[in-house]
Amino acid sequence: MSEPLYIGASSWVTCCGDGRAAHAEALARGASGLAANDFAPAAELATAVGRVQDLERTPLSAAFAEYDCRNNRLALRALGCDGLDGAIRATVARVGAARVGVFVGTSTSGILSTELLARDAAARGTAPAFERRAYTHCHNMFATARFLAAWFGVEGPSLAISTACSSSAKAFISARRAIRAGRCDAAIVAGVDSLALSTLYGFHALQLLATTPCRPFAADRAGISIGEAAAIVCVSREPADIALIGAGESSDAHHMSTPPPDGAGARRAMIAALDDAGIAPDAIDYVNLHGTGTPANDAAEAAAMRATFATQPASSSTKGAFGHALGAAGAVEAMVAIQALRDGRAPANVGTTNPDPALGLAIATAPRAMALRHVLSNSFGFGGSNCALVFART
Amino acid sequence: MTRIGIRAIGVLAPGLEGWACARDVLAGRRAFEPGEVRPPPSPLLPPAERRRLNANSAWALAVASEALDAAGDVERGRIACVFATADGDGEVLAQSLDVLASRPLALSPTLFHNSVFNAPSGYVSIAHGLTGPSTTICAGHRTLAMALAECIDQVEAEARAVLCVLVDTAYPGRLAALRAPVPSFACALLVEPAAAMATHGTLALAYDATGSTPATAGVPPAVAAFFGDDTVSAALGLLAVVARGEPASAPLDARGSSAMRYTP
């Protein structure tokens with residue numbers, strides 16, 4: 001059984017709202033923040049998106065102008081909720097700037113800035129106005145970690161993890177390793193991913209975008225809905241009510257964009273997480289499934305669940321509420337797990353009224369009040385990257 | 001302080017084709033003669049995957065294969081992977097930007113899945129049947145330092161073999177305003193607990209570096225000048241220390257906030 005990593009101050013921003021209270025309320029109601037695509041740069045795509053409102057109108061202050069992009073705006077918006085900015089500053093003051101690390105999971109960082117420059121230039125027939133500094137501070141995969149380190153003036157280890165849709169779940173694991181190795185005492189773990197042309201048109205090219213809000217695990221599931229989100233958590237060895245008590249990772253070594261039908265890699269990640277936590281499968285009270293809503297991915301995850309759990313625990317995907325926040329999904333769903341543990345309520349598999357009986361899961365179609373001690377959260381990504389985290393009430 | 005053993009090394013870059021060549025060039029025993037380099041096609045990938053391989057993935061696969069071949073019999077499930085890239089695949093980015101700026105807009109599915117930063121991890125895991133944990137780290141000029149720290153943490157905490165792959169292929173000229181057109185570079189280190197296997201000596205992280213030594217202090221000047229990038233410089237400095245085979249420290253980033261202490 002491994003040493004717990006405690007969950008300190010946290011907040012999140014998604015299409016369901018800003019801050020913990022808004023999300024607690026949305027989860028309690030089983031609400032969805034998905035809406036018909038109104039993301040202007042890709043408005044031609046007939047799909048639903050989980051867009052965060054008003055990012056277009058909230059630039060960073062002059063002192064941080066060089067970091068100004070959609071992704072960093074989203075990160076800052078989360079810091080502004082629930083007193084998170086002040087709480088992290090208090091932690092930095094207490095443990096020292098050199099002892100605080102930054103671990104950001106993201107799949108596309110602020111690439112939208114460069115995409116729009118290229119598009120504008122093509123429309124005008126001019127050369128794109130690319131600049132090195134804008135690239136490093138906004139577009140580069142490390143840009144949001146760079147921004148958060150600069151914002152808080154911290155000097156500990158700082159890095160971005162970019163393993164597609166498992167990125168920010170893995171950010172928790174890297175932070176845990178660094179704290180255990182004594183390379184820092186506290187870590188800012190973040191999942192931040194914002195709407196971008198490459199992801200919207202990319203999933204469209206793969207014919208994986210649903211035209212209506214996604215319906216994970218429904219018999220007629222028809223693809224994903226892309227969302228954007230920032231979820232930020234301060235972790236340390238300071239005891240708190242919730243802890244990360246286990247983590248597991250694996251690689252499919254199968255195919256670049258589809259899992260093996262038996263979900264073998266997903267199962268190995270879940271088993272590794274349970275072993276790391278030192279608990280048996282039947283100790284898990286609720287599983288937040290990756291559940292993107294594509295026919296193949298949901299079937300593979302269901303196969304992995306059946307192979308892992310003799311009796312199916314209550315489970316749900318919350319992608320019908322928030323959309324698939326890609327690199328931020330792992331941290332968003334960590335927040336879902338944390339909120340579920342605090343509220344004693346398994347969230348609903350929003351968007352799906354009739355789960356596919358062939359999948360053999362115990363899908364919660366409505367929010368369900370229940371005693372929760374251990375919650376498992378799954379995150380799987382392109383390239384066969386699998387990650388599972390176990391959160392517990394302490 | 002944790003020491004890790006270097007079990008095997010792979011290198012691919014202009015004038016540094018394979019570890020045997022790179023070792024002699026970096027130790028000053030052989031002239032540096034950079035030419036055009038193409039990673040060899042890998043027989044380990046199914047034909048469909050081989051055709052789809054993007055540059056960063058092909059280079060990563062070449063150095064990972066060199067290190068794994070040199071290591072011999074290592075149980076594949078015991079190996080964790082840490083991939084590191086400061087800037088990802090520039091050719092994929094350039095093609096994606098062109099498509100996203102064009103009308104009608106038709107992105108290819110392959111171009112999209114190759115755009116994820118863990119594409120090299122995906123292809124290498126498929127080619128070599130690596131089913132263990134794998135991560136992909138980006139940290140600007142500290143990319144190598146952060147990746148090696150992650151490797152050491154994993155070797156220490158989990159007593160695993162860890163394959164560390166650093167890859168940054170050249171950005172195309174039309175994206176020179178985003179990233180300087182630095183030549184392509186990839187290297188791989190297969191590391192293990194020091195007691196288990198240390199064919200090429202051992203490494204330990206040190207944080208007492210003063211920053212007075214440039215990362216490329218021990219690198220032949222012609223090699224250092226040819227590459228000239230922060231992340232690659234740190235890798236060259238480290239490989240040069242290993243190539244010379246004498247106890248020494250290699251700074252891991254331009255600001256000298258961390259270093260690797262090498263013991264043959």
Side-chain angles (χ1 to χ4, degrees), chain A residues 44 107 111 114-115 118-123 128 130-132 135-136 139-142 145-146 155 157-164 167 170 173-174 177-178 180-181 183 197-199 201-207 248-257 264-265 268 272 381-385, chain B residues 2 49 52 76 80-81 85-88 93 96-102 105-123 125-126 128-140 142-143 146-147 149-150 152-154 156-157 175 177-180 205 257:
Chain A
E44 65 177 328
S107 71
I111 195 174
T114 303
E115 292 170 343
R119 180 180 272 194
D120 290 351
F130 295 149
E131 288 174 14
R132 184 78 45 87
Y135 165 75
T136 56
H139 166 167
N140 181 273
M141 210 54 87
F142 180 57
R146 186 192 291 272
E155 295 149 16
S158 59
L159 56 85
I161 302 231
S162 194
T163 55
S167 300
K170 282 180 182 280
I173 301 181
S174 274
R177 286 195 184 108
R180 285 181 177 173
R183 294 194 292 118
L197 300 183
S198 23
T199 42
Y201 284 100
F203 281 104
H204 176 67
L206 287 167
Q207 300 182 303
E249 299 171 85
S250 74
S251 302
D252 285 339
H254 173 73
H255 186 271
M256 284 303 291
S257 54
R268 283 200 309 279
F382 273 9
S385 177
Chain B
T2 308
E49 264 72 26
R52 292 173 182 148
R76 295 305 193 234
C81 293
T85 182
D87 294 284
L93 174 62
S96 301
L97 291 174
D98 287 348
V99 173
L100 293 170
S102 64
L105 200 170
L107 196 59
S108 97
T110 299
L111 190 60
F112 177 53
H113 78 223
N114 282 348
S115 76
V116 299
F117 267 41
N118 61 321
S121 161
Y123 286 109
S125 68
I126 292 168
H128 288 282
L130 300 176
T131 54
S134 181
T135 192
T136 299
I137 286 175
C138 315
R142 292 207 292 178
T143 295
M146 290 298 129
E150 182 95 11
I152 290 180
D153 293 351
Q154 260 180 294
E156 180 181 24
L175 297 187
L178 297 184
R179 181 184 193 254
L205 261 183
S257 54

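When reading the values below, keep in mind they use all heavy atoms of this one structure, side chains included, and skip hydrogens, waters and symmetry mates. Below, read A as the first sequence line, B as the second, and so on, with proteins coming before strands; counting in each chain starts at 1.
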Quick one: what part of A/Arg180 sits under 4.5 Å from any heavy atom of chain B, side chain, backbone, both or neither? neither
Roughly how far, to the nearest 0.5 Å, is the CZ atom of A/Phe130 from the CG atom of B/Leu175? 6.0 Å
Of the backbone (N, CA, C, O) and the side chain (C-beta and beyond), which part of A/Ala164 lies under 4.5 Å from a heavy atom of chain B, both, or neither? both
Report yes if some heavy atom in the side chain of B/Leu97 is under 4.5 Å from a heavy atom in the side chain of A/Glu115; otherwise report no. yes
Below 4.5 Å from any heavy atom of chain A, which atoms of B/Thr131 appear? Answer side chain, backbone, both or neither. both
Below 4.5 Å, heavy-atom pairs only: which of A/Arg119, A/Arg268, A/Met141, A/Arg177 has the largest tally toward chain B? A/Arg177
Rounded to the nearest 0.5 Å, what separates atom CZ in A/Arg183 from atom CG in B/Leu205? 7.0 Å
Which portion of A/Thr114 sits near chain B, non-hydrogen atoms under 4.5 angstrom: both
Option in B/Asp98, B/Val116, B/Asp153 with maximal non-hydrogen atom pairs under 4.5 Å from chain A: B/Asp153
Would you mind telling me which of B/Arg76, B/Glu150, B/His128, B/Glu49 has the largest number of heavy-atom pairs within less than 4.5 Å of chain A? B/Glu150
Just so I know, are the side chains of B/Arg142 and A/Ser158 near enough to count as touching, which here means a heavy-atom distance under 4.5 Å? yes
Atom of A/Ser251, atom of B/Pro133 and distance for their closest heavy-atom approach: OG-C, 4.2 Å
Chain A contacts, top residue of B/Pro120, B/Ala80, B/Ala180 (heavy-atom pairs, under 4.5 Å): B/Ala180
So how far is it from B/Thr110 OG1 to A/Leu206 CG, rounded to the nearest 0.5 Å? 8.5 Å
Enter the distance from A/Glu249:CD to B/Cys81:SG here, rounded to the nearest 0.5 Å. 11.0 Å
Most contact-rich option vs chain B, by heavy-atom pairs under 4.5 angstrom, among A/Ser174, A/Ser385, A/Ala272, is A/Ser174
So what's closer than 4.5 Å to chain B heavy atoms on A/Ser107: side chain, backbone, both or neither? neither
From B/Ile126 atom CD1 to A/Met256 atom CE, the distance as rounded to the nearest 0.5 Å: 6.0 Å
What residue in A/Ser257, A/Ser250, A/Ala181, A/Ala122 has the most heavy-atom pairs under 4.5 Å with chain B? A/Ser250
Can you tell which part of A/Ile111 gets under 4.5 Å to a heavy atom of chain B, answering side chain, backbone, both or neither? side chain
Taking the ring centre of each residue, are B/Phe112 and A/Phe203 less than 6.0 Å apart? yes
Less than 4.5 Å to any heavy atom of chain B: does that hold for the side chain of A/Glu44, its backbone, both, or neither? side chain
With a 4.5 angstrom heavy-atom cut-off, could you sort out which part of A/His204 is near chain B: side chain, backbone, both or neither? neither
Cut-off 4.5 Å, heavy atoms of chain B, and the answer for A/Glu131 is backbone
Residue, of A/Gly265, A/Ser162, A/Ser167, A/Gly383, that accumulates the most heavy atom pairs under 4.5 Å with chain B: A/Ser162
I need the residue from B/Asp87, B/Thr135, B/Thr143 with the largest number of non-hydrogen atom pairs under 4.5 Å to chain A. B/Asp87
Under a 4.5 Å heavy-atom cut-off, does chain A meet the side chain of B/Ala157, its backbone, both or neither? neither
Proximity breakdown for B/Ala147 and chain A, heavy-atom pairs closer than 4.5 Å: neither
Would you mind telling me which of B/Gly122, B/Ala86, B/Ser134 has the largest number of heavy-atom pairs within less than 4.5 Å of chain A? B/Ser134
By a 4.5 Å heavy-atom criterion (distance strictly below it), what part of B/Ile137 contacts chain A: side chain, backbone, both, or neither? both
B/Leu93 versus chain A, heavy atoms under 4.5 Å apart: side chain, backbone, both or neither? side chain
